[in-house]
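Order of the sequence lines sets the chain letters (A, B, ...), proteins ahead of strands, with each chain counted from 1. Side chains included, hydrogens not; waters and symmetry mates left out as well; all remaining heavy atoms used.
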Amino acid sequence: MENFRKSSGLKRRVLVVDDEEINCEILGNILRGRYEVDYAHDGREAFGMLKNASPQYSLILLDLLMPKMDGFELIKVCRGSSGLKNIPIIVMTSEKEAEVKSINLGAVDFITKPYDMPEVILARCERIIELSEDKTIISSAEKDNLTGMYSRDFFFEYIRQLEVYNRDRLMDALIFNIDHFHLINEMYGRKMGNMILKELAQMLMNIFKDVAGIGCRTEADTFYVYCQHQFSYDSIMKMIQDNLPDLSETAKIRVRMGIYPNVDKDVEVEQWFDRAKLACDRIRGDYTKAMSTYSSELHERSLYHEKLINEIGEAINRKDLIVYYQPKYGIQGDKPVLKSAEALIRWKHPENGMISPGDFVPLFEGNGLIQKLDNYVWEEAARQIRKWKEKYGRTIPVSVNVSRIDIYDPELESKLLKILENNDLTSEELLLEITESAYADNAKALADVVESLRNKGFMIEMDDFGSGYSSLNMLTTIAVDAIKIDMKFIRNMRRDDKSLRMVKLIVDIAKFLDVPTVAEGVEDEVQVEVLKKMGCDLIQGFYFSRPVPPEEFEKLIEKDMAG
Amino acid sequence: MLTVDDLKNFGADTDTGLARCMGNEGLYLRLVRSLCDDPSFDKLTEAVEAGALKEGFEAAHSLKGVLGNLSLTPIYDKVVEITEHLRNETEMDYKPLIGDLNSLRNDLKKLCG
């Protein structure tokens, strides 16, 4: 993989500038075997060709005495032009004096006239091209210590360098990623993790050297590969998957691959890999797919996401983001009683209409903007609780989401307390929902924050319980005040006996821990009856009401109060 | 029909000249033939006759490069001599030198047929 320049068979371009046709022919005859050779017969013609060259020339062989624009002048204009100043120039002259002058002006070497023997000329050209290309990329640290692949900076620089001479070739940008790599590190140890990274790196280097590929490792388990366009990656992917070591008899390592085929050479190199990453991220968590290819539809989607990201601040200011409320009813009495509500965000976009939270919440979770959104919801919900308290003389506690990133916010507690203070509320009136799966890799941090919040009187509800792989484990380290059963189990309860038993199990665990259970996604009476019989305490779902704006929610309060 | 031997007899260092053409005889002979019509010969003659030594130097310098590359030693040596005088803008009678040069050129032309 390391010597792309030689192995790829790419021919560098050389421009011979001499007004004597015979000299051009002699040089051309020497150089043609190894380079693409073009000719100019004076400085002005050469300058025009250099400016419009694609791919760019790797070397200029320059005669000095010429009509129109002489060699000295051409050196000067090239050195003064940002696009041309890095092209090495070898001057061809018989005059000692001219050698010094041209080197001073910026020529890198000279060939004497009459010409040296062809081998000498070829060796000189080769050495100068190599030096000049290496010089540009040598500055960045070359290799990743662990895997021996290129470092990210070097990799990008190398590609940019290759592209100067490689523009017309179809190339692909690829990203490889190991599923749940942080868990492999955690469960099998860093040594094992490193071993897997090394194996994958070695495999990628071996596989892609045949298709003029180069590769690097970026973050922990992300590998970039840049190679000649391939019609299909099925066999390559199979080879990788078959050759990766097994973690245990049952656990296999899974590699995901994002492909951006036929990269668009008019956009930046980094963007090629952003696009491959976009494709790769799309199949995160989807165990049915190991490969994903970037498409224009995906591009549209990412532009749309970009737009949403740019507009979120303004949307908050304009109050385009509206908090809806979905009631939770207690079902253990004779008739259902309105107990509390969950705050759910809606985005009423001036151009795009109602945007579903499914479209923007995961997006903002990914980039940290969710914190801004969460803070907004907390404030809105607190104001609403206060308003209803004043209007109806009773508290409807509202649960709000606390995202993973909020847990790491050192000001989380003070922010929440300030919001309560501003609305003259106590900490039992604003319920906090956390999702256990979001903290699997750092349960300790979550446990500390939750404990501290509970000490301040906040009630913590664990959301989506049962869906993560460490749900039970979580309960041993974190004390919570309510458990919300994952909607999936409720939905499947009727036709899938396992789901039914799972719900029963969760309700029993909650009873054992002496905390109430909340069932989400309840849609019909049969489900209500089943849950009631099991001992589930609270129900949230379309059976009672979909999430509604505050004005509509007030009708539910009034109805509840009317008994 | 011009041959390498003809050039050797003429005094050219054909080994070196051919080596520069990477042993390609056809190319070497073709380039030598094309040299006979190089406009720099006439430019040099005219410039020197008109006393334009600078222009004369440029033409001579060009010729020197090409002749050197083809290793046409007798003409090359003559042109080197002329070039040096012109470089120094030596005020002198260039006629004999130019005459020698043109006669050598004619010899070569004859060889080329």
Side-chain angles (χ1 to χ4, degrees), chain A residues 14 16-35 37 39-43 45 61-73 90-99 101-102 110-126, chain B residues 7 12-41 43-44 47 54-77 79-84 86-88 105 108 112:
Chain A
V14 174
V16 172
V17 193
D18 197 318
D19 56 332
E20 279 293 344
E21 192 53 42
I22 292 174
N23 294 340
C24 287
E25 288 216 33
I26 294 175
L27 275 177
N29 184 52
I30 295 171
L31 299 171
R32 260 197 310 273
R34 211 174 287 176
Y35 306 102
V37 188
Y39 309 92
H41 297 92
D42 60 70
E45 188 189 0
L61 291 178
L62 181 64
D63 179 34
L64 288 174
L65 275 183
M66 287 181 299
K68 290 182 191 160
M69 183 198 277
D70 71 13
F72 293 120
E73 199 55 35
I90 297 181
V91 158
M92 305 179 290
T93 177
S94 53
E95 323 281 328
K96 276 272 165 266
E97 231 170 89
E99 283 169 14
K101 187 176 171 193
S102 42
F110 49 83
I111 289 174
T112 53
K113 274 185 183 173
Y115 297 151
D116 293 312
M117 286 300 103
E119 337 36 292
V120 178
I121 292 179
L122 280 173
R124 259 184 198 197
C125 292
E126 190 64 15
Chain B
L7 291 174
D13 176 5
T14 51
D15 289 347
T16 309
L18 265 173
R20 265 190 207 102
C21 293
M22 301 184 82
N24 184 339
E25 243 185 70
L27 174 67
Y28 181 54
L29 296 176
R30 180 166 67 75
L31 293 178
V32 171
R33 278 198 303 273
S34 75
L35 171 83
C36 299
D37 301 321
D38 195 307
S40 293
F41 282 111
K43 254 190 234 162
L44 170 61
K54 197 168 170 295
E55 281 76 24
F57 168 72
E58 280 167 14
H61 191 270
S62 280
L63 275 178
K64 180 182 134 185
V66 180
L67 290 162
N69 280 337
L70 294 172
S71 296
L72 295 170
T73 318
I75 317 187
Y76 174 71
D77 289 345
V79 170
V80 169
E81 197 185 338
I82 297 172
T83 309
E84 288 319 300
L86 288 172
R87 183 200 304 278
N88 302 325
R105 179 196 182 190
L108 186 65
C112 294

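Contact tally against chain B (heavy-atom pairs below 4.5 Å) for A:E21, A:M117, A:E20: the top residue is A:E20. The candidate with the highest count of non-hydrogen atom pairs below 4.5 Å against chain A, out of B:N24, B:L35, B:V66, is B:V66.
Look at B:D38 and B:R105 and you find no salt bridge, because none of the NZ, NE, NH1 or NH2 atoms lies under 4.0 Å from a carboxylate O. A salt bridge links B:R30 with A:E25: the closest approach of a Lys/Arg side-chain nitrogen to an acidic carboxylate oxygen falls below 4.0 angstrom. Between A:D116 and B:R20 no salt bridge is recorded (no basic side-chain N to carboxylate O distance below 4.0 Å).
Interface remark: B:S40 contributes side-chain atoms only to the contact with chain A (heavy atom separation under 4.5 Å). Using a 4.5 Å cut-off between heavy atoms, B:L67 makes no contact with chain A at all. Heavy atoms of A:I30 lying under 4.5 Å from chain B belong to its backbone as well as its side chain. Interface residue B:L31: backbone and side-chain heavy atoms are both found under 4.5 Å from chain A.
Using a 3.5 Å distance cut-off with no hydrogens or angles, the side chains of B:Y76 and B:E81 do not pair a donor with an acceptor.
With values rounded to the nearest 0.5 angstrom, B:S62 atom OG is found 9.5 Å from B:F57 atom CZ.
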